[in-house]
Q: 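To start, I am sharing the structure in question, which I have written as structure tokens.
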There are 4 protein chains.
Amino acid sequence: MSVYISRMSSKRRRVLMTPDARRQQLIAAATWVFARKGYRQAGISDIIARAGVARGTFYLYFTSKQEIFVAIVNDIHGRITRALAGVDSAAALAGHATDPQAILRASARRWLAFFAEHRDAATVILKEASSIDPRFEKGFTELRQSAAAFFAARFKRLQELGMARSSMQPELFAHLQLGMFDELLNRFVLRDPHADLDALAAALADFEWNGIRAH
Amino acid sequence: MSVYISRMSSKRRRVLMTPDARRQQLIAAATWVFARKGYRQAGISDIIARAGVARGTFYLYFTSKQEIFVAIVNDIHGRITRALAGVDSAAALAGHATDPQAILRASARRWLAFFAEHRDAATVILKEASSIDPRFEKGFTELRQSAAAFFAARFKRLQELGMARSSMQPELFAHLQLGMFDELLNRFVLRDPHADLDALAAALADFEWNGIRAH
Amino acid sequence: MSVYISRMSSKRRRVLMTPDARRQQLIAAATWVFARKGYRQAGISDIIARAGVARGTFYLYFTSKQEIFVAIVNDIHGRITRALAGVDSAAALAGHATDPQAILRASARRWLAFFAEHRDAATVILKEASSIDPRFEKGFTELRQSAAAFFAARFKRLQELGMARSSMQPELFAHLQLGMFDELLNRFVLRDPHADLDALAAALADFEWNGIRAH
Amino acid sequence: MSVYISRMSSKRRRVLMTPDARRQQLIAAATWVFARKGYRQAGISDIIARAGVARGTFYLYFTSKQEIFVAIVNDIHGRITRALAGVDSAAALAGHATDPQAILRASARRWLAFFAEHRDAATVILKEASSIDPRFEKGFTELRQSAAAFFAARFKRLQELGMARSSMQPELFAHLQLGMFDELLNRFVLRDPHADLDALAAALADFEWNGIRAH
DNA sequence: GATGAATGAGAGTTCATTCAT
DNA sequence: TATGAATGAACTCTCATTCAT
């Protein structure tokens with residue numbers, strides 16, 4: 001029965017695209033699939049079904065499932081790196097240079113927005129980052145390292161300006177911040193398209209700046 | 001090839017155990033395996049090899065790979081629940097009731113120690129918690145919920161005592177705390193058997209209590 | 001439609017065998033298949049269909065198609081080596097020690113009979129020996145080397161006894177003999193179960209001994 | 001990846017050729033490829049890469065991979081047929097008409113030289129001749145038949161002249177000769193561009209004429 | 001004519017699960 | 001109860017062939 005159904009629905013119309021466009025299309029499809037099924041659970045079948053191409057087409061652009069995954073991670077890494085460059089200068093330009101908490105808030109807001117915009121890619125990263133597959137270890141480590149280094153550097157600047165306590169280790173703080181981001185993304189942002197990013201960013205910055213003590 | 005080897009060297013001695021003991025033995029083996037390979041990478045072969053049991057025996061105790069995974073999560077959930085009951089009272093008993101930061105520190109210290117003691121189980125949880133598999137969603141959600149609720153409740157008590165700022169939402173704080181815990185465990189505790197738990201707990205409590213502002 | 005047919009005819013009865021027996025059965029099936037289809041053309045499907053086992057069963061005994069091929073070649077190599085040991089002594093025992101042509105004839109007869117008995121294996125060797133696949137190069141080279149060395153050694157003995165011309169290089173003669181054997185097998189023996197091996201062996205020995213000159 | 005490389009470096013210049021020239025070019029490329037990789041290992045990709053032609057172009061000249069293979073075999077068959085016509089007359093012209101061994105030697109020398117000159121084509125024939133593929137059976141059988149018939153006819157002439165023993169069957173001798181040729185080509189000529197063809201031809205003729213008996 | 005992106009049947013392989021012993 | 005040989009659906013990947021440009 002399913003044989004007949006597939007026979008009827010198949011006979012795909014051949015659609016030609018430039019290699020670059022097809023590649024991007026496949027990366028998009030794979031991101032979508034990986035975000036929903038996870039790397040191992042997802043099959044090439046899912047990806048090509050989503051992209052609407054034949055099996056062989058996939059292997060015209062990527063030599064393996066692994067390769068497209070790396071391509072996705074690199075793609076995101078690139079976007080993040082580019083975004084990173086803009087975050088601080090943008091925050092500074094916003095004229096809050098003298099208000100650290102405002103800087104923290106603006107920065108957090110931008111990060112949350114960035115991942116909200118790249119929901120699927122962010123999901124892939126968060127879901128698979130802890131996967132044990134050693135073939136991907138490198139990509140994820142670099143990604144996380146980049147972020148941690150960025151946060152640590154910014155914190156150090158605050159310390160040098162005498163604004164942040166010098167008793168706090170920058171690297172440790174960077175990781176705590178990463179952990180909080182992960183959780184906020186996982187819990188609130190990625191699950192809810194209408195999450196109030198402003199409120200989350202404000203609360204986070206407030207906590208980071210003041211702690212929980214009632215002064 | 002390996003067939004011959006096993007035939008020659010093993011010829012497993014039938015070790016009789018009570019059903020409960022067998023079950024526990026299998027859960028322990030599976031925990032060890034899942035922690036190292038991840039749920040999907042790990043095969044039944046790995047588990048039975050570690051347990052020293054035949055293939056069929058596994059299915060005498062668990063109807064599927066999925067089921068033993070759920071059993072592991074439930075097992076841990078139980079341990080955590082039991083541990084949770086002791087954490088606060090223990091902290092209180094320690095006589096720091098009047099020093100909130102000390103309470104936070106002692107509590108964090110206990111949590112870190114708990115997971116350090118259950119390294120493999122903790123690894124399984126952290127690695128697979130973000131797995132998308134909806135069959136596991138429930139177990140993980142409950143686990144996390146339990147922890148979040150516990151943290152939120154404690155924070156609320158601090159607020160009621162006028163020790164913590166009332167502008168901070170308990171639920172949000174609970175999640176931030178969870179995120180920081182995850183990261184500390186992942187980055188420092190689970191990777192390093194000799195991690196300095198005291199220092200980590202102290203730093204965490206200090207940050208939670210004071211934030212990063214230079215007062 | 002074929003779906004239904006296969007559904008009806010499938011549901012294989014599960015037949016248990018000892019690993020050794022199953023292994024031999026698979027080697028036999030693969031030899032049969034490779035002899036008829038050639039290594040690359042033949043699929044695992046053909047082998048398991050012939051053996052009447054499931055796909056997975058094959059991989060229980062061989063890790064790859066390549067491996068079972070090597071197993072076949074080794075199997076034959078072993079048989080040949082064992083046969084080689086018997087050929088000459090047997091020929092000598094036959095009491096023809098003083099009649100070189102009779103020795104050549106008896107030896108040829110035995111060789112032809114050996115390959116006639118292992119028709120499929122012989123076919124595999126002859127068909128695939130010239131295959132370019134470098135993964136099999138070694139096995140075949142050894143096989144051929146063994147045979148060539150054996151022939152060369154025997155010829156040298158004849159020379160030392162003053163029975164064979166010393167102007168003929170043993171190694172070259174060994175190869176010429178191999179070439180003739182190949183052709184006889186290919187043309188006459190392997191294609192025709194009723195080939196007159198006595199006649200072929202006699203003609204070959206006659207030619208080797210006397211050449212074609214009318215004395 | 002290679003996609004980018006080829007895009008950047010190639011952008012193939014449309015080289016216009018007459019259909020016949022294209023066809024020959026493709027046959028040459030395929031011969032080269034098949035000789036090195038074997039029929040099944042070789043891909044259309046290899047052939048078009050060697051020919052510097054697009055995928056579709058190949059199918060403009062040959063309807064299938066199989067067809068170009070047949071074309072190669074026919075091509076060689078034609079060359080051999082043409083060469084055959086010249087061999088004997090040439091040998092005769094050389095004035096050795098009265099010395100049968102010299103005729104054998106000269107003939108062998110010419111054959112060896114012919115295949116040495118068409119090394120790749122010869123390799124293809126020898127490697128694939130034993131391929132089981134029934135689609136190619138015909139071509140190879142004809143090829144071999146032609147050669148065998150030629151050798152048999154010449155031998156018969158020697159017999160009629162009373163120079164060769166009449167007890168030797170011409171057809172059998174023809175095949176023995178073919179077998180020896182195959183082996184010499186395979187072992188010595190095709191592997192070594194500097195093989196001493198004179199020596200090989202002399203040794204072969206000597207053996208054929210005199211056998212191995214010490215007279 | 002010529003191109004090369006696209007196709008999809010079919011290959012080899014894996015592994016959770018079953019069942020004869 | 002315990003065993004481990006056997007199963008087969010599902011997976012990743014290949015490549016001769018097609019066809020829109």
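Because only heavy atoms are used, hydrogens play no part in the values below, and waters and symmetry mates are left out as well, while side chains stay in. From a predicted model like this one, the values you see are computed outputs, not experimental measurements.
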Q: Looking only at side-chain N and O atoms, does C:Tyr59 come under 4.0 Å of OP1 or OP2 in E:dT13?
A: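 It does, given that an N or O in the side chain of C:Tyr59 lies less than 4.0 Å from OP1 or OP2 of E:dT13.
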
Q: Considering only side-chain heavy atoms of C:Pro19, which listed nucleotide, F:dA6, F:dA5, E:dA5, is closest?
A: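 The nucleotide sitting nearest to the side chain is F:dA5.
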
Q: If you compare every side-chain N and O of B:Arg22 against the phosphate oxygens of F:dA2 (OP1, OP2), does one of them come in below 4.0 Å?
A: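 Yes, because at least one side-chain N or O of B:Arg22 sits under 4.0 Å from OP1 or OP2 of F:dA2.
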
Q: Can a donor-acceptor pair under 3.5 Å be found between the side-chain atoms of C:Arg55 and the base atoms of F:dT7?
A: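 Checked by distance alone, the answer is no.
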
Q: With side-chain hydrogen bond (donor to acceptor under 3.5 Å, both in side chains) as the test, would you mind laying out the steps for C:Ser45 and C:Arg55 before giving the verdict?
A: CA-CA 7 Å; C:Ser45 301; C:Arg55 216 162 198 71; 2.8 Å; yes

Q: When you measure from the side chain of C:Gln25 to the backbone of C:Ala51, do you find a donor-acceptor pair of N or O atoms at a distance under 3.5 Å?
A: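 Here the side-chain-to-backbone pair exists.
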
Q: D:Gln66 side chain to D:Arg135 main-chain N or O, any donor-acceptor pair under 3.5 Å?
A: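 Not at all, since once roles are kept as given, no pair shorter than 3.5 Å links the two residues.
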
Q: Please classify the nucleic acid contact of D:Tyr61 as base, sugar-phosphate, or nothing, using heavy-atom distances under 4.0 Å.
A: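 Sugar-phosphate: the residue D:Tyr61, judged by heavy atoms under 4.0 Å, touches backbone atoms but no base.
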
Q: Hey, does the side chain of B:Thr141 reach the backbone of B:Glu137 with a donor-acceptor pair shorter than 3.5 angstrom?
A: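 Yes: the side chain of B:Thr141 pairs with the backbone of B:Glu137.
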
Q: Between atom CD1 in B:Ile68 and atom C1' in E:dT17, what is the gap in whole Å?
A: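 The answer, rounded to whole Å, is 14 Å.
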
Q: Just by modelled atom types, is the D:Asp133 backbone N or O under 3.5 Å from a matching donor or acceptor in the C:Gln41 side chain?
A: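 A pair under 3.5 Å: no.
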
Q: Should the pair C:Phe69 and C:Phe136 be assigned to parallel (<30°), tilted (30 to 60°) or perpendicular (>60°) ring geometry?
A: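 The rings of C:Phe69 and C:Phe136 sit tilted, inter-plane angle from 30° to 60°.
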
Q: Considering only side-chain heavy atoms of D:Lys65, which listed nucleotide, F:dA16, F:dA5, E:dT13, is closest?
A: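 Closest nucleotide among those given: F:dA16.
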
Q: Please tell me which of A:Thr57 and C:Phe58 maps to the more 5' nucleotide of DNA chain E, matching each residue to the nucleotide holding its nearest heavy atom.
A: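 Mapping each residue to its closest nucleotide by heavy atoms, the 5'-most match is A:Thr57.
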
Q: Dot-bracket for DNA chain F: what is it, with Watson-Crick or G-U pairs under 3.5 Å, [ ] where a pair crosses earlier ones, and | for a pair to another strand?
A: .||||||||||||||||||||

Q: For B:Phe34, does the six-membered ring have the charged nitrogen or CZ of B:Lys127 within the cation-pi criterion, i.e. under 6.0 angstrom from the centroid and within 45° of the normal?
A: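 Checked: cation-pi criterion not met.
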
Q: Donor-acceptor pair, B:Lys65 side chain versus B:Ala42 backbone, under 3.5 Å?
A: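 Yes, B:Lys65 side chain to B:Ala42 backbone: donor-acceptor pair under 3.5 Å.
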
Q: What does D:Ser64 touch in the nucleic acid at a heavy-atom separation under 4.0 angstrom: a base, only the sugar-phosphate, or nothing?
A: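 Contact class for D:Ser64: sugar-phosphate only.
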
Q: If the test is side-chain hydrogen bond (donor to acceptor under 3.5 Å, both in side chains), which one of D:Asp46, D:Asp120, D:Thr31 qualifies with D:Arg36?
A: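 One option only clears the test, and that one is D:Asp120.
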
Q: Taking CE from C:Met17 and C1' from F:dG4, how many angstroms apart are they, rounded to a whole number?
A: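 My rounded result for the distance is 15 Å.
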
Q: Is any side-chain N or O of A:Arg14 under 3.5 Å from a base N or O of E:dA6, one able to act as donor and the other as acceptor?
A: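 Check passes, donor-acceptor contact within cut-off.
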
Q: Rounded to whole angstroms, how far apart are CZ on D:Phe62 and P on F:dT18?
A: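 It works out to 16 Å between those atoms.
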
Q: Figure out the CG/P separation between C:Leu60 and E:dT13, and round it to whole Å.
A: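 Interatomic distance, CG of C:Leu60 to P of E:dT13: 15 Å.
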
Q: Contact list please: residues 26-47 of chain A against DNA chain E, heavy atoms, distance less than 4.0 Å, in numerical order.
A: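 DNA chain E contact set from residues 26-47 of chain A: none.
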
Q: DNA chain F: C:Val53 or A:Thr63, which has the more 5' nearest nucleotide?
A: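 Closest to the 5' end, via its nearest nucleotide, is C:Val53.
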
Q: Is the backbone N or O of A:Ile27 less than 3.5 Å from a side-chain atom of A:Tyr61, with the two atoms forming a donor-acceptor pair by type?
A: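 No, the answer is negative, given that no donor and acceptor are paired below the 3.5 Å cut-off.
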
Q: Without decimals, in angstroms, what is the distance between A:Gln25 CD and E:dA6 C1'?
A: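 From A:Gln25 CD to E:dA6 C1': 12 Å.
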
Q: Return the value, rounded to whole Å, for the distance between atom CD1 of B:Ile48 and atom C1' of E:dC15.
A: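 Distance, rounded to whole Å: 11 Å.
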
